[in-house]
Amino acid sequence: MLKSLRLISCFDVTREGFMALINKFPLLEELELSLCSDLSDQNVFDVIAKSCPKLKHFLHIKRRYESHDWNGMAMSIAGMHGLRSLELHGNHLDDQGLIAIVDNCPYLELLILRDCPHVIMDNTLLAKCARIDTVMMLRGDECDDNYQV
């Protein structure tokens with residue numbers, strides 16, 4: 001019956017343990033994974049997409065020094081078709097990964113990207129994001145350098 005789960009700085013939660021556990025939460029609507037190093041890979045995101053069909057809000061924050069296949073993870077996020085809001089902080093997602101997410105998440109109303117230096121908001125990406133109510137790209141820790149579509 002769990003609908004909301006927030007995991008923050010979970011150093012003792014293993015990838016395998018989380019993937020086994022998330023299968024038990026098919027009614028999950030909100031998920032936050034913040035600073036959980038072992039929970040930042042495509043396999044984890046694939047299991048979330050398959051196990052949580054009612055997921056509406058997903059927040060993922062990773063440490064800046066962690067490097068992963070973000071376009072592979074973007075394809076997994078694109079499988080979370082019911083998302084209404086998505087926040088990604090500190091990752092290496094690029095334009096192609098973001099396009100996959102936007103194209104496959106038709107209900108997306110809020111998109112916040114913070115410290116995603118490989119996303120370049122060009123005219124093609126602006127057009128793709130036009131249907132989303134709120135899109136924010138935040139660069140670095142400085143509020144002066146924010147870009148809102």
Side-chain angles (χ1 to χ4, degrees), residues 2-8 10 13-140 146-149:
L2 188 70
K3 293 192 176 195
S4 182
L5 177 62
R6 296 178 69 200
L7 298 176
I8 301 169
C10 295
V13 177
T14 66
R15 186 169 73 93
E16 294 77 16
F18 176 80
M19 290 192 303
L21 185 68
I22 201 72
N23 283 315
K24 300 175 190 242
F25 304 134
L27 301 178
L28 198 67
E29 295 180 4
E30 300 177 352
L31 177 60
E32 175 181 344
L33 301 176
S34 296
L35 308 173
C36 301
S37 299
D38 283 351
L39 308 183
S40 293
D41 72 33
Q42 185 173 354
N43 291 332
V44 169
F45 285 24
D46 280 341
V47 170
I48 293 167
K50 290 175 184 149
S51 301
C52 305
K54 296 185 180 287
L55 194 64
K56 293 180 179 139
H57 309 285
F58 183 51
L59 167 62
H60 184 268
I61 299 173
K62 73 171 206 64
R63 289 180 173 77
R64 290 181 190 200
Y65 62 82
E66 294 173 5
S67 182
H68 300 284
D69 174 17
W70 267 98
N71 284 334
M73 288 196 276
M75 296 310 296
S76 300
I77 293 170
M80 301 175 191
H81 303 293
L83 285 181
R84 303 292 195 272
S85 70
L86 174 64
E87 288 188 55
L88 301 175
H89 297 223
N91 63 63
H92 299 284
L93 178 75
D94 68 15
D95 292 355
Q96 294 306 310
L98 183 56
I99 287 171
I101 292 169
V102 171
D103 283 348
N104 289 285
C105 296
Y107 305 108
L108 208 54
E109 299 168 353
L110 173 68
L111 174 64
I112 299 175
L113 303 175
R114 182 178 191 98
D115 290 331
C116 301
H118 302 291
V119 174
I120 309 300
M121 199 53 85
D122 63 10
N123 289 337
T124 302
L125 204 44
L126 282 170
K128 290 270 185 195
C129 292
R131 67 166 180 77
I132 302 171
D133 293 339
T134 304
V135 177
M136 295 179 67
M137 288 187 59
L138 308 167
R139 304 263 187 213
N146 294 347
Y147 178 77
Q148 185 169 352
V149 179

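Surrounding CG of Asp122 are more than 12 heavy atoms belonging to other residues, nucleotides or ligands, all under 6.0 Å away.
Checking side-chain atoms of Asp95 against main-chain N and O of Ile120 turns up a donor-acceptor pair under 3.5 Å. At least one donor-acceptor pair under 3.5 Å links the side chain of His81 to the backbone N or O of Asn104. In terms of modelled atom types and a separation under 3.5 Å, the side chain of Arg131 and the main chain of Val102 share a donor-acceptor contact. The backbone N or O of Gly90 sits less than 3.5 Å from a side-chain atom of Lys62, completing a donor-acceptor pair.
Heavy atoms only, all atoms of each residue included: Asp41 and Arg15 are closest at OD2-CD, 2.6 Å. Taking each heavy atom of Asp94 and Gln96 in turn, the nearest pair found is OD1-N, 3.0 Å. Across every non-hydrogen atom of Cys129 and Met121, the tightest pair is SG-CE, 4.5 Å. Residue Ala49 comes nearest to Ser76 through the heavy atom pair CB-O, 3.6 Å, listed as atom of the first residue, atom of the second, then distance. In terms of heavy atoms, Pro53 sits closest to Pro26 at CD-O, 3.6 Å. Residues Cys36 and Ser40 come closest through the heavy atom pair O-OG, 3.5 Å.
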* Can you list the steps and then say if Leu111 with Ile101 is a side-chain contact (heavy atoms from CB on, under 4.5 Å)? -> CA-CA 10 Å; Leu111 174 64; Ile101 292 169; 5.5 Å; no
- Query: Please walk me through it: do His89 and Leu138 pass side-chain contact (heavy atoms from CB on, under 4.5 Å)?
  - Reply: CA-CA 9 Å; His89 297 223; Leu138 308 167; 6.0 Å; no
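For the atom pair CD (Glu32) and CZ (Phe58), the distance works out to 10.0 Å, reported to the nearest 0.5 Å. Distance CG/Leu110 to CG/Asp133: 9.0 Å, rounded to 0.5 Å. The distance from the SG atom of Cys10 to the CG atom of Asp38 is 10.5 Å, given to the nearest 0.5 Å. In this structure, Leu93 CG and His60 NE2 are separated by 12.0 Å, a value rounded to the nearest 0.5 Å. Within the model, atoms OG1 of Thr14 and CG of Leu39 stand 8.0 Å from one another, a figure rounded to the nearest 0.5 Å. Within the model, atoms NZ of Lys56 and NZ of Lys3 stand 7.5 Å from one another, a figure rounded to the nearest 0.5 Å.
In this structure, Leu83 and Ile77 have side chains that are in contact, with non-hydrogen atoms separated by less than 4.5 Å. Counting only heavy atoms from C-beta outward, the side chains of Ile22 and Leu28 approach each other to under 4.5 Å. Considering only heavy atoms from C-beta on, Phe18 comes within 4.5 Å of Leu33 through its side chain. Inter-residue side-chain proximity for Val47 and Val44 is flagged as unmet; no heavy-atom pair is nearer than 4.5 Å. Inter-residue side-chain proximity for Leu86 and Met80 is flagged as unmet; no heavy-atom pair is nearer than 4.5 Å. Within the 4.5 Å cutoff, no side-chain heavy atoms of Leu27 are placed close to those of Leu2.
Partners of Asn23 under the side chain to side chain donor-acceptor pair (under 3.5 Å) rule, at least two apart in sequence or in another chain, are Ser51. Remark: Arg84 engages no residue in a salt bridge (charged side-chain N to carboxylate O under 4.0 Å, His left out) (not counting sequence neighbours).
Identified under the ring-ring contact (aromatic ring centres under 6.0 Å, His included) test for residues 101-133, with sequence neighbours left out: His92-His118.
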